[in-house]
Amino acid sequence: MKKVRASVFRSVGLGAVAMAGVPAVLSASAQTVTQNHTAGTRPNILFILADDLGWGDPSCYGNLRFKTPSIDRLAKQGTLFTQFYQGGSVCSPSRATLLTGRWPSELGIHGHLALKEQKNADRGMPNFLSTQAETLPKLLQQAGYTTVHVGKWHLGRPPESGESLSVYGFGVAQWIDCISGTTNLWDLAERPRASRVLVDETISELNILKQAGSPFYCQLWLNDPHAALAPSEAQMKSFSKGVPPGFTSPFMVYAATVTEMDRQLGRLLNELDKLGLSQNTVVILTSDNGPEDITDAGASWSAAGSAGPLRGRKRSLYEGGTRVPFIVRWPQGGAPAGQVNTQTVVSGADLLPTICELANAAIPGKEQLLLRGQSVVPALKGDKTFLRTVPLMWEWRDAVYNRPLNGSPILAIRDGKWKLLMNPDSNRIELYDMESDPSEQSNLVANQPEIAVRLSKKVLAWQQTLPAGPLEKNAGKNDYPWPQEAP
């Protein structure tokens, strides 16, 4: 068994230590499911988005400290991707990209959208995602899909929208930003049951959707394991080994939260089976960004998430901030069961064109010109040779309140196997070969000057097209006093 696992780890290029826990079912040759997809049958979509779940947190990505059997079940029944990137390193930017297929900075969303309008104004940001932006649910709705949102949103809402997300294309929206009536699932007293409540609501909606009979897009956007976390004593009990009585550890809190989330996802997958929806429902599971850092005041007792062997965490443009788990299951459509795709680079910007292709939903010509993603349907169906042709771009205008090693430059671009990071003034230019150095340890600017110049020109030209706005005073630095707390 050790021999098989080590072999898989080398193929991923991430080192034997971090992937030692990959189940044998994922390291063996993928068993392709029988394709019985009928031409013209459009799949349902269930999109599960965890909040601050790190690349190395699921046990199918190598975590040996606690188990995530429900997420592992998805991986065994579908395809696990090792090179999936979100459009941002915090929540609002990533979510904007997922819904629009565009880079968040192009929409003026450079960081998290704050409740206080003045804070958004100070950072040159709007108060909500533009209602003029074409979104995935709008396009699916126009193609005859029923569209449902459950859970965290964090993209703001125009005041006139009330308790609705209809302006963004959702026919039904429940527990928007995890609030319903007087109940707020962000309250510490509610956190032990947050995932259960949101899964309960999703199960209720799935039963309604089953009765309706039309194809659906349902997104469950959880607030776990985002800080502040407060699992119950019962949930933490099995992780208390070595912790003195009367104390907790960040690991206890975090592991209890993730395993509870995983337990509830298992209930959701069971319900899909019970309703007979599993075969032709594309289930997508990912996270909005990398794990929180313990230097954040609100996470000081819980930030034990893992980015695996990747450098960086939440807010950083290094890999650990933007590269996250990504699993797709679709038995009827031919997504290979148990396959690990280590070659295809996939982005959150790809979801809109990919899902629209699966759903036979038209994308207007003018909107196609704005898209930064591309359809990756061949990769979902098992073509591991499918490679992207569109580069990935990032901009982060704030400081990375984190360990100095994680303090990335302001701009980043991934093109082919190369990733370049730099500040707009050409300070701190860093170039990494992601095939041989995914941990971003060896800066190759001096060895590959032509590639560095080419990518620098490309990312700087892109930045010139972005809306103007202020930079935080420590943006792009990694030498300011540590530790710092995120604002």
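In what follows, residues are counted from 1 in the order of the sequence shown.
- Counting only residues at least two apart or in different chains, salt bridge (Lys or Arg N to Asp or Glu O under 4.0 Å) contacts with residues 146-159 comprise Asp51-Lys152.
- With salt bridges taken as basic N to acidic carboxylate O contacts below 4.0 Å, none links Asp296 and Arg313.
- With Arg388 contributing its side chain and Val345 its backbone, the two residues share a donor-acceptor pair below 3.5 Å.
- A donor and an acceptor atom, one from each side chain of Arg414 and Gln83, are located under 3.5 Å apart.
- Rounding to the nearest 0.5 Å places CG of Asp122 at 9.5 Å from NZ of Lys119.
- For Asp288, the salt bridge (charged side-chain N to carboxylate O under 4.0 Å, His left out) partners two or more places apart in sequence, or in a different chain, are Arg95.
- Rounding to the nearest 0.5 angstrom, the gap separating the CH2 atom in Trp330 from the CG atom in Asn44 is 10.5 Å.
- Although no hydrogens or angles enter the test, the distance criterion places no donor-acceptor pair under 3.5 Å between the side chain of Thr281 and the main chain of Val283.
- Donor-acceptor pairing under 3.5 Å is lacking for the side chains of Asn474 and Tyr401.
- When the shell of 6.0 Å around CD of Gln368 is examined, it contains more than 12 heavy atoms from other residues, nucleotides or ligands.
- A donor-acceptor contact closer than 3.5 angstrom links the side chains of Ser105 and Glu395.
- Using modelled atom types and a 3.5 Å distance limit, the side chains of Ser59 and Asp72 yield a donor-acceptor pair.
- Partners of Ser238 under the side-chain hydrogen bond (donor to acceptor under 3.5 Å, both in side chains) rule, at least two apart in sequence or in another chain, do not exist in this structure.
- Relative to the six-membered ring of Phe251, Arg65 meets both conditions, a distance below 6.0 Å and an angle of at most 45° to the axis.
- In the displayed structure, Leu115 atom CG is contacted under 6.0 Å by at most 12 heavy atoms of other residues, nucleotides or ligands.
- Checked against His149 for a ring-ring contact (aromatic ring centres under 6.0 Å, His included), the options Phe170, Tyr217, Phe216, Trp175 give a single hit: Phe170.
- In terms of heavy-atom proximity, Ala50 sits nearest to Met261 at CB-SD, 4.1 Å.
- Between Leu352 and Leu99 the shortest side-chain heavy-atom distance does not fall below 4.5 Å.
- Considering all non-hydrogen atoms of both residues, Leu317 and Pro409 come closest at CD1-O, 3.7 Å.
- To the nearest 0.5 angstrom, Leu411 atom CG is 9.5 Å from Arg397 atom CZ.
- The closest donor-acceptor contact from the side chain of Asn423 to the backbone of Gly476 lies under 3.5 Å.
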Next item on the list: Take Met252 and Phe247, measure what side chain to side chain contact (heavy atoms under 4.5 Å, CB included) needs, and give me the verdict at the end.
Entry: CA-CA 10 Å; Met252 285 175 62; Phe247 289 82; over 6 Å; no
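- Ring geometry for Trp153 against Trp221 counts as parallel: the plane angle stays under 30°, on a 0 to 90° scale with 60° as the upper cut.
- Taking CD of Gln219 as the start and CZ of Phe47 as the end, the distance is 7.0 Å to the nearest 0.5 Å.
- Shown are Leu269, Thr79, Val282; of these, the side chain to side chain contact (heavy atoms under 4.5 Å, CB included) with Arg329 is made only by Leu269.
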Next item on the list: List the steps and the verdict of side chain to side chain contact (heavy atoms under 4.5 Å, CB included) for Asp52 and Asn289.
Entry: CA-CA 5 Å; Asp52 291 4; Asn289 47 251; 2.8 Å; yes
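- A salt bridge does not link Asp398 to Arg315: none of the charged side-chain nitrogens sits closer than 4.0 Å to a carboxylate oxygen.
- Using modelled atom types, one finds no donor on one side chain facing an acceptor on the other under 3.5 Å when comparing Gln211 with Asn207.
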Next item on the list: Show your reasoning for whether side chain to side chain contact (heavy atoms under 4.5 Å, CB included) applies to Thr286 and Phe84.
Entry: CA-CA 9 Å; Thr286 186; Phe84 176 81; 3.3 Å; yes
Next item on the list: Under the side chain to side chain contact (heavy atoms under 4.5 Å, CB included) rule, what do Glu190 and Asn184 come out as? Steps first, then yes or no, please.
Entry: CA-CA 7 Å; Glu190 300 288 348; Asn184 187 341; 5.9 Å; no
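- Counting only distance, with no hydrogens or angles, the side chain of Glu357 and the backbone of Val377 share no donor-acceptor pair below 3.5 Å.
- Under a 3.5 Å cut-off, the side chain of Asp177 and the backbone N or O of His154 do form a donor-acceptor pair.
- Lys314 NZ to Glu292 CD: the interatomic distance, rounded to the nearest 0.5 Å, is 4.5 Å.
- To the nearest 0.5 Å, atom CH2 of residue Trp103 and atom CE of residue Met393 are 8.5 Å apart.
- In this structure, the side chain of Glu440 engages the main chain of Glu319 through a donor-acceptor pair within 3.5 Å.
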